[in-house]
Amino acid sequence: MSKPSYITTSIPYVNAPPHVGFALELVQADVLARYRRLTGSDVRFQSGTDENAFKNVTSARALGVPVQQLVDENSARFRSLCSVLDISIDCFIRTTERAHRDAVSGFLSRLQADDLYRREYRGRYCVGCEDFYLEGDLADGCCPEHALPALEIAEENVFFRLSRYETALRELIATRRIRIIPESREREVLRFIDGGLADISVSRDASRCEHWGIPFPGDAAQVVYVWIDALINYLSGLGFPDDANVDYYWRDGITSHVIGKNVWKFHAVYWPALLLSAGVAPPDQIVVHGFLTNEGRKISKSAGDAVDPAEYVARFGSDAVRYFLLRHTRPFDDSDFSVARLEQAYQADLANGLGNVVSRVTALCEAAGPLGCSSSDCPPAPPSYHEALDEFRFDRAVSSLWNEVTRLNRDITLAKPWESLTAGDTTNARQTVSPFVDRLAAIGYWLEPFLPAASAKIREQLSETRIVKRDPLFPRLRREESSA
């Protein structure tokens with residue numbers, strides 16, 4: 001029996017509504033969750049929202065609304081996005097919840113006492129990243145991601161002795177006890193560690209944060225640094241420290257964090273070190289995806305080009321958006337996103353590809369008379385399907401399915417079962433079409449992690465005693481839709 005599986009996304013800031021960049025992370029993690037369920041694993045899949053950042057305070061101030069109102073409204077939008085994209089989460093955590101706040105305090109109290117100390121600190125800080133930068137990492141004094149001036153900040157904070165864990169972290173990653181995917185990111189993390197690890201601040205002055213955040217245990221004048229608070233959500237969502245889920249999913253299962261390339265330092269360096277100090281096992285896998293870009297520039301809220309993915313779903317459907325993000329973006333590299341590319345993929349691959357073959361097979365079944373699916377409950381997967389997903393190559397796994405779609409369309413054309421139907425030989429027609437039904441059923445089965453709605457429709461349609469043609473699975477776009 002396979003091990004339990006615990007899969008998480010990062011938790012996004014809620015200073016603004018969601019955008020399509022985070023949709024990429026959601027659908028990638030959802031494929032892992034659905035695939036592992038499909039192959040027999042007991043899966044817990046978690047997402048949520050990071051609500052204790054100071055940028056929420058500044059955003060609320062700019063809008064003239066209370067901070068709690070801002071985080072409540074935007075957290076609800078992120079939760080809604082999970083529903084819109086058909087994301088099969090088991091838990092949606094908010095870091096303003098009492099259970100999370102208590103878990104953060106409990107976790108910090110478990111850190112080795114001599115791993116924490118206080119000192120004054122001066123550094124350059126980006127509010128957008130909620131992170132300090134070294135002068136050499138800035139571009140003309142600006143954050144390299146947000147292109148905004150990094151603020152000079154001086155205050156006394158609580159520090160964590162990250163430097164103590166340099167050797168242990170390198171060993172965990174180099175031996176792949178913590179597997180970082182892809183290998184290029186693993187090498188990047190190892191280079192970062194080899195450059196020497198400095199101790200990190202794990203608190204912020206509460207007055208500077210307007211007391212928004214989780215009070216640092218034993219010191220109300222400090223709040224927990226938001227990134228430390230956010231990382232602990234992966235345990236608090238399991239009911240840390242006492243819930244049985246902690247042992248079942250975290251200690252005894254396979255833990256997989258799906259994250260963006262801009263936050264690997266926190267997940268692959270800070271987080272495992274904190275876990276070692278607290279006596280908790282590190283995660284097993286950290287899957288790092290690239291950015292979605294617009295004309296080569298990262299899509300972001302601050303850049304003003306962050307369109308709500310719900311708008312794309314309303315036009316093309318959730319499966320179409322999922323399909324584009326999974327097949328037409330590279331899992332680990334930056335990929336350009338545009339409505340024109342999404343529309344092209346919809347027409348060519350979904351309407352004229354999968355949708356067309358479903359219509360052809362079911363129309364032949366309807367004409368040939370009673371004909372059902374005889375394939376097993378778990379048919380063989382397409383060649384390289386499992387191998388692709390073992391390597392988190394979502395694009396290649398989807399391509400393996402579309403290769404089957406193409407072959408099925410070709411073989412139907414070569415077999416010409418309609419000639420038997422025209423001649424009134426329904427027996428021969430049924431014999432010819434029957435293998436096509438089974439092959440389509442297999443496609444529908446293994447399609448489930450990627451296009452769950454289409455998979456369900458195909459499998460339901462083929463399970464009927466008498467298979468008949470229904471409305472198109474992916475209706476062709478009307479001219480006004482394609483030109484919008």
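The analysis underlying the following values was restricted to heavy atoms, covering all of them including side chains, and did not include hydrogens, waters or symmetry mates. Treat the numbers as computed from the prediction; the structure is a model and nothing was measured.
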Decide, yes or no, whether a salt bridge links Arg37 with Asp90 under the criterion of side-chain N to carboxylate O below 4.0 Å. yes
| task | Show the numbers, then the answer: is there a side-chain contact (heavy atoms from CB on, under 4.5 Å) between Tyr248 and Asp243? | result | CA-CA 9 Å; Tyr248 182 70; Asp243 195 291; over 6 Å; no
(message) I'd like to check Val84 versus Val321 (side-chain heavy atoms, cut-off strictly below 4.5 Å). Are they in contact?
(response) no
Practice prompt. For residues Trp250 and Leu275, determine if any side-chain heavy atom of one lies less than 4.5 Å from a side-chain heavy atom of the other.
Written response: yes
Sequence neighbours excluded, the answer for salt bridge (charged side-chain N to carboxylate O under 4.0 Å, His left out) partners of Arg185 is Glu188
| Under 3.5 Å donor-acceptor, Thr58 side chain and Lys55 backbone | yes
A quick test of your reading: do over 12 heavy atoms of other residues, nucleotides or ligands sit less than 6.0 Å from CD of Glu73? yes
Task: Short side-chain to backbone donor-acceptor contact, Ser455 and Gly444, under 3.5 Å - done: yes
Examine the side chains of His289 and Asp333 and answer whether a donor and an acceptor come within less than 3.5 Å of each other. no
| query | Just wondering, more than 12 heavy atoms not from Gln344 lying within 6.0 Å of its CD? | reply | no
Q) Any sub-3.5 Å donor-acceptor pair from Thr413's side-chain atoms to Asn409's backbone N or O? A) yes
Quiz prompt | Salt-bridge contact Glu464-Arg470 (side-chain N to carboxylate O under 4.0 Å) | solution = yes
For Arg170, the side chain to side chain contact (heavy atoms under 4.5 Å, CB included) test, sequence neighbours excluded, returns Ala174, Leu190, Ile193, Asp194
Are Arg44 and Cys91 close enough that some pair of their side-chain heavy atoms sits under 4.5 Å apart?
yes
Those residues at least two apart in sequence (or on a different chain) that pass ring pair (Phe, Tyr, Trp, His ring centres under 6.0 Å) with Tyr249 are none
Next item on the list: Evaluate the side-chain proximity of Asp308 to Glu311: yes if any heavy-atom separation is below 4.5 Å, no if none is.
Entry: yes
(request) Assert yes or no for the condition that the ring centre distance of Tyr312 to Phe337 is strictly below 6.0 Å. (result) yes
For residues 253-262, the salt bridge (charged side-chain N to carboxylate O under 4.0 Å, His left out) pairs (sequence neighbours left out) are Lys261-Asp334
Are any non-hydrogen side-chain atoms of Phe45 and Ile87 less than 4.5 angstrom apart? yes
- prompt: Do Ile181 and Val288 have side-chain heavy atoms sitting under 4.5 Å apart?
  reply: no
Between Ser318 and Val313, the two heavy atoms sitting closest are N-CG1, 3.6 Å
#### Entry: Backbone N/O of Pro12 and side chain of Asp50: donor-acceptor pair under 3.5 Å
no
Decide yes or no on side-chain contact (heavy atoms from CB on, under 4.5 Å) for Ile228 and Ile232, but give the supporting numbers first. CA-CA 7 Å; Ile228 305 304; Ile232 298 169; 4.3 Å; yes
Checklist line | Exercise: do Gln347 and Glu343 side chains pair donor with acceptor under 3.5 Å | finding: no
Nearest heavy-atom approach of Ser41 to Ser5 is OG-CB, 3.4 Å
Glu366 meets the side chain to side chain donor-acceptor pair (under 3.5 Å) criterion, sequence neighbours left out, with none
* Asked: Between Ser359 (side chain) and Gly355 (backbone), is there a donor-acceptor pair under 3.5 Å?
  -> yes
Check the angle between the aromatic planes of Phe316 and Tyr346 and answer parallel, tilted or perpendicular using the 30° and 60° thresholds. tilted
For Asp247, the side chain to side chain donor-acceptor pair (under 3.5 Å) test, sequence neighbours excluded, returns none
* Any donor-acceptor pair under 3.5 Å from Asn233 side chain to Ala230 backbone -> yes
Residues passing the side chain to side chain contact (heavy atoms under 4.5 Å, CB included) test with Thr422, sequence neighbours excluded, are none
#### Entry: Main-chain N/O of Thr95 paired with Asn52 side-chain donor or acceptor, under 3.5 Å
yes
**Asked** So do Asn403 and Pro382 actually touch side chain to side chain, heavy atoms under 4.5 Å?
**Response** no
Next item on the list: Under the side-chain contact (heavy atoms from CB on, under 4.5 Å) rule, what do Thr8 and Val258 come out as? Steps first, then yes or no, please.
Entry: CA-CA 6 Å; Thr8 69; Val258 180; over 6 Å; no
* Should the pair Phe324 and His328 be assigned to parallel (<30°), tilted (30 to 60°) or perpendicular (>60°) ring geometry? -> parallel
When every non-hydrogen atom of Leu238 is compared with those of Asn245, the smallest separation belongs to O-CB, 3.4 Å
Residue pairs meeting side chain to side chain donor-acceptor pair (under 3.5 Å), one or both in residues 378-388, sequence neighbours left out, come to Tyr35-His386
Residues 233-242 vs salt bridge (charged side-chain N to carboxylate O under 4.0 Å, His left out), sequence neighbours excluded, gives none
task: May I ask you to decide if the ring planes of Tyr13 and Trp227 are parallel, tilted or perpendicular, using 30° and 60° as cut-offs?
output: perpendicular
Applied to residues 6-31, the salt bridge (charged side-chain N to carboxylate O under 4.0 Å, His left out) test, sequence neighbours excluded, yields Asp30-Arg34, Asp30-Arg322
Quick note, salt bridge (charged side-chain N to carboxylate O under 4.0 Å, His left out) partners involving residues 394-404, not counting sequence neighbours, are Arg393-Asp395, Glu404-Arg407
Exercise. Determine, for Glu186 against Arg176, whether the closest basic-nitrogen to carboxylate-oxygen distance falls under 4.0 angstrom.
Key: yes
Item to check | Salt-bridge criterion met for Arg94 and Asp72 (N-O under 4.0 Å) | outcome: yes
Smallest heavy-atom separation, Ala273 atom then Leu169 atom, equals N-CD2, 3.8 Å
Heavy atoms of Pro379 and Trp446 approach each other most closely as O-NE1, 2.8 Å
Ser420 side chain to Arg430 side chain, donor-acceptor N/O pair below 3.5 angstrom:
no
Hey, would you say the His257 and Tyr234 ring centroids sit under 6.0 Å apart?
yes
- Evaluate side chain to side chain donor-acceptor pair (under 3.5 Å) for Ser47 paired with Thr9, printing each intermediate quantity in order. CA-CA 5 Å; Ser47 189; Thr9 70; 2.8 Å; yes
Report task. Would you sort out whether Val433 and Cys365 count as a side-chain contact (heavy atoms from CB on, under 4.5 Å), showing the intermediate values? Result -> CA-CA 7 Å; Val433 174; Cys365 290; 4.0 Å; yes
Taken in chain and number order and not counting sequence neighbours, the residues that satisfy side chain to side chain contact (heavy atoms under 4.5 Å, CB included) with Asp284 are Arg177, Ile254, Thr255
Scanning both residues in full, the closest heavy-atom pair of Thr49 with Glu51 reads OG1-OE2, 2.6 Å
Practice task
State whether the side chain of Ser2 and the backbone N or O of Gly40 hold a donor-acceptor pair below 3.5 Å, judged by distance alone.
Solution key: yes
**Prompt:** Do Trp402 and Phe450 have ring centroids that are under 6.0 Å from one another?
**Reply:** no
> Does a side-chain heavy-atom distance below 4.5 Å link Lys469 with Arg360?
Replying inline: no
